2 protein chains.
Amino acid sequence: MNDKISVVGGGSWGSTLADLLGRNGQNVTLWEFVPQVAAQLNDKRTLAVMPELNLHPGVHVTNDLSEAVSGARAILSVVPSEFVRGTFKAIKKTGKLSDGAFIISASKGVENDSLLRMSEVIVQEIPSLAGKVCALSGPSHAEEVVRGVPTAVVSAGPGKLPEQTQDIFNTDNFRVYTSSDMTGVELGGALKNIYAIACGACDGLGLGDNTKAALMTRGLNEIVRIGMAQRAQAMTFLGLSGMGDLIVTCLSRHSRNRLLGEKIGKGLSLKEALGEMTMVAEGVRTTKSAFDLARKCQLDLPIINEIYRCLYEGKSAKDSLRDLTHRPVTSETEHFKGGEAQPS
Amino acid sequence: MNDKISVVGGGSWGSTLADLLGRNGQNVTLWEFVPQVAAQLNDKRTLAVMPELNLHPGVHVTNDLSEAVSGARAILSVVPSEFVRGTFKAIKKTGKLSDGAFIISASKGVENDSLLRMSEVIVQEIPSLAGKVCALSGPSHAEEVVRGVPTAVVSAGPGKLPEQTQDIFNTDNFRVYTSSDMTGVELGGALKNIYAIACGACDGLGLGDNTKAALMTRGLNEIVRIGMAQRAQAMTFLGLSGMGDLIVTCLSRHSRNRLLGEKIGKGLSLKEALGEMTMVAEGVRTTKSAFDLARKCQLDLPIINEIYRCLYEGKSAKDSLRDLTHRPVTSETEHFKGGEAQPS
């Protein structure tokens with residue numbers, strides 16, 4: 001039998017990845033925090049938020065973290081980013097983490113206040129995992145992966161971890177590329193959600209494809225600038241966890257962050273918009289972290305600034321768009337001509 | 001009165017740019033080759049292919065190239081790429097080109113056989129224009145620009161030409177960024193049409209957003225590799241004429257190349273698909289040029305290869321997709337690790 005793989009987090013993405021691994025013949029245990037959701041996954045093999053899921057019969061479902069972690073060779077973290085710290089605190093407390101275990105982080109976000117990426121949060125909680133965490137990210141709506149739609153993602157991390165992750169996941173319909181730039185892959189996956197909110201706001205305002213393409217392009221420019229300030233490689237953002245994930249999240253009808261932005265664009269407040277949503281829109285918290293991170297790195301990033309003002313200071317999307325389009329135009333790549341901002 | 005600007009080519013994009021310049025208070029003459037179309041633009045101030053156009057009353061329309069070119073400070077070339085050589089041959093023949101005139105090329109393509117970019121074709125026909133040609137490109141559907149939808153594009157070329165182009169065009173709703181990388185901007189604008197055909201084929205096959213995002217991302221990777229082999233700068237392709245234009249062309253309902261691909265994906269031959277179209281799909285010719293250019297540069301570019309086979313060798317889109325997803329997966333950026341392929 002294959003080594004045990006533990007999927008931590010039974011939301012739509014976690015359950016989809018557990019199902020994919022089950023279909024790949026892996027020995028999978030899926031842990032879910034909410035007992036009712038775990039029971040539904042176990043008994044009905046599906047999720048209320050994703051009825052098209054038909055969880056592979058080989059996937060073992062549990063609500064017991066200690067059981068889930070015990071003896072696992074790899075732990076796939078797919079809880080919402082705000083719960084990553086608490087989950088790994090709890091994993092440590094179980095005392096069941098194997099010495100040789102490694103972590104695949106598919107949670108996407110930058111923690112508020114600490115401004116740490118998810119891999120950093122994990123290592124801060126369990127220092128013995130240093131060098132044993134990689135990231136999995138890319139344009140991959142769960143609703144499509146579960147249907148077997150061809151999808152490509154990237155695994156990034158130290159040493160052989162990306163290749164090990166590739167071996168575990170790769171199929172013709174779920175292609176896993178590898179990268180050594182974990183910082184870039186994690187930041188791409190996290191920050192894109194901010195621009196999905198911005199593109200949603202464009203939809204809410206009734207604007208067109210040209211505007212959204214401009215927002216995404218100038219948005220990727222901002223992602224690259226934050227990334228380079230954090231020692232990521234510029235070329236990573238040309239890849240699946242950069243422009244690829246940005247495109248799918250900004251444009252797809254499946255995207256929660258885009259939907260939240262659409263509500264903001266139509267004039268709802270953040271509280272009103274969130275009140276109408278059932279699933280987590282990671283971009284809301286990420287916008288706050290990115291706003292703080294940009295200030296810390298002394299970067300002036302106009303789109304992040306405006307989305308922050310819309311979400312947290314009650315500015316209207318219409319006023320934000322006007323202020324964005326009234327900025328002086330520059331050279332496209334002027335921010336990459338200075339010293340530290342050169343592509344590496 | 002402002003200096004005369006001559007717009008050469010009264011298709012939907014040329015007419016839209018002429019209208020935009022007219023609204024900006026420029027002194028504009030719009031030349032159109034087809035007498036009936038010129039007459040319609042002159043009398044009805046609109047186009048059959050774009051009824052939403054209401055050409056600014058200040059734009060002078062002519063079918064006489066000699067009159068159009070005479071005394072112009074700037075000539076904006078917007079004819080389909082296959083007619084650029086013939087048009088500039090004809091411009092030379094008029095003998096009316098001013099000594100100080102410069103060219104803004106908005107035609108997008110790489111010439112078949114010669115494999116020259118449009119700026120190179122222009123200078124080959126009129127060598128005295130060397131150093132006086134710049135390119136205008138970016139995510140800009142005419143149907144949206146004409147409605148005043150906020151749009152951002154990039155002007156690239158030698159010396160002060162990009163800034164001069166910016167001065168002529170820039171408004172809050174049509175923002176012109178500048179770049180010194182004309183090669184990259186021209187290649188981005190031309191090559192994206194190939195991937196729009198590929199994304200359209202995905203639509204025709206009933207595939208999803210994940211697949212299209214993967215195609216666009218791996219497609220941009222191919223564009224960067226061709227670009228770098230031609231001494232373009234990698235970072236240009238992160239910009240408006242790279243990923244920005246790629247996104248809008250691959251995903252928009254306005255895109256002719258995407259529509260052509262959709263027909264191919266549904267099983268039509270190239271001839272059948274073209275028979276159902278009224279406007280030029282530049283990507284068909286560009287695919288041939290790119291296929292030849294890749295061979296010349298000794299690059300193996302799988303998506304270009306498959307689209308070439310679909311269009312010119314009768315391979316089915318379904319078989320092409322299967323062959324693409326059966327390729328071994330690699331490091332995302334492996335082709336950028338060698339010497340000449342490093343980002344500059």
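Here is the naming used below: chain letters follow the sequence lines, and residue numbers restart at 1 for every chain. All heavy atoms count here, side chains included; hydrogens, waters and symmetry mates do not. All of these numbers come straight from a predicted model, not from anything done at the bench.
The local environment of NZ in Lys315(B) is crowded, with over 12 non-hydrogen atoms from other residues, nucleotides or ligands closer than 6.0 Å.
Between chain A and the residues Ser252(B), Ala152(B), Ser179(B), the largest count of heavy-atom pairs under 4.5 Å involves Ser252(B). Considering only heavy-atom pairs separated by less than 4.5 Å from chain B, the leading option among Val154(A), Leu215(A), Val153(A), Asn173(A) is Val154(A). Heavy-atom pairs under 4.5 Å with chain A peak, among Val145(B), Val149(B), Asp172(B), at Asp172(B). The candidate with the highest count of non-hydrogen atom pairs below 4.5 Å against chain A, out of Asp181(B), Thr151(B), Leu321(B), is Thr151(B). Looking only at heavy-atom pairs under 4.5 Å with chain B, the residue among His326(A), Arg147(A), Glu143(A) that has the most is His326(A). In terms of non-hydrogen atom pairs under 4.5 Å with chain A, the most contact-rich of Leu251(B), Thr217(B), Leu207(B) is Thr217(B). With respect to chain A, the highest number of heavy-atom pairs below 4.5 Å among Arg322(B), Lys212(B), Arg218(B), Gln166(B) belongs to Arg218(B).
Residues Glu144(B) and Thr211(A) approach most closely at OE1-N, 4.5 Å, considering heavy atoms. Nearest approach of Phe237(A) to Leu238(B), heavy atoms of both residues: O-CD2, 4.0 Å. The two atoms that bring Ala214(B) and Pro139(A) nearest to each other are N-CG, 4.5 Å, heavy atoms only. Closest of all the heavy-atom pairs between Glu332(B) and Leu240(A) is OE2-N, 2.6 Å. Contact detail for Thr325(B) and Pro150(A): the closest heavy-atom pair is CG2-CB, 4.2 Å.
Residue contact with chain A, scored on non-hydrogen atoms closer than 4.5 Å, involves the side chain of Leu246(B) exclusively. Interface remark: Asp209(B) contributes backbone and side-chain atoms alike to the contact with chain A (heavy atom separation under 4.5 Å).
A heavy-atom distance below 4.5 Å is not found between the side chains of Thr178(B) and Thr330(A). Between Val329(B) and Asn170(A), the closest side-chain pair of non-hydrogen atoms falls below 4.5 Å.
The backbone N or O of Arg327(A) sits less than 3.5 Å from a side-chain atom of Arg175(B), completing a donor-acceptor pair.
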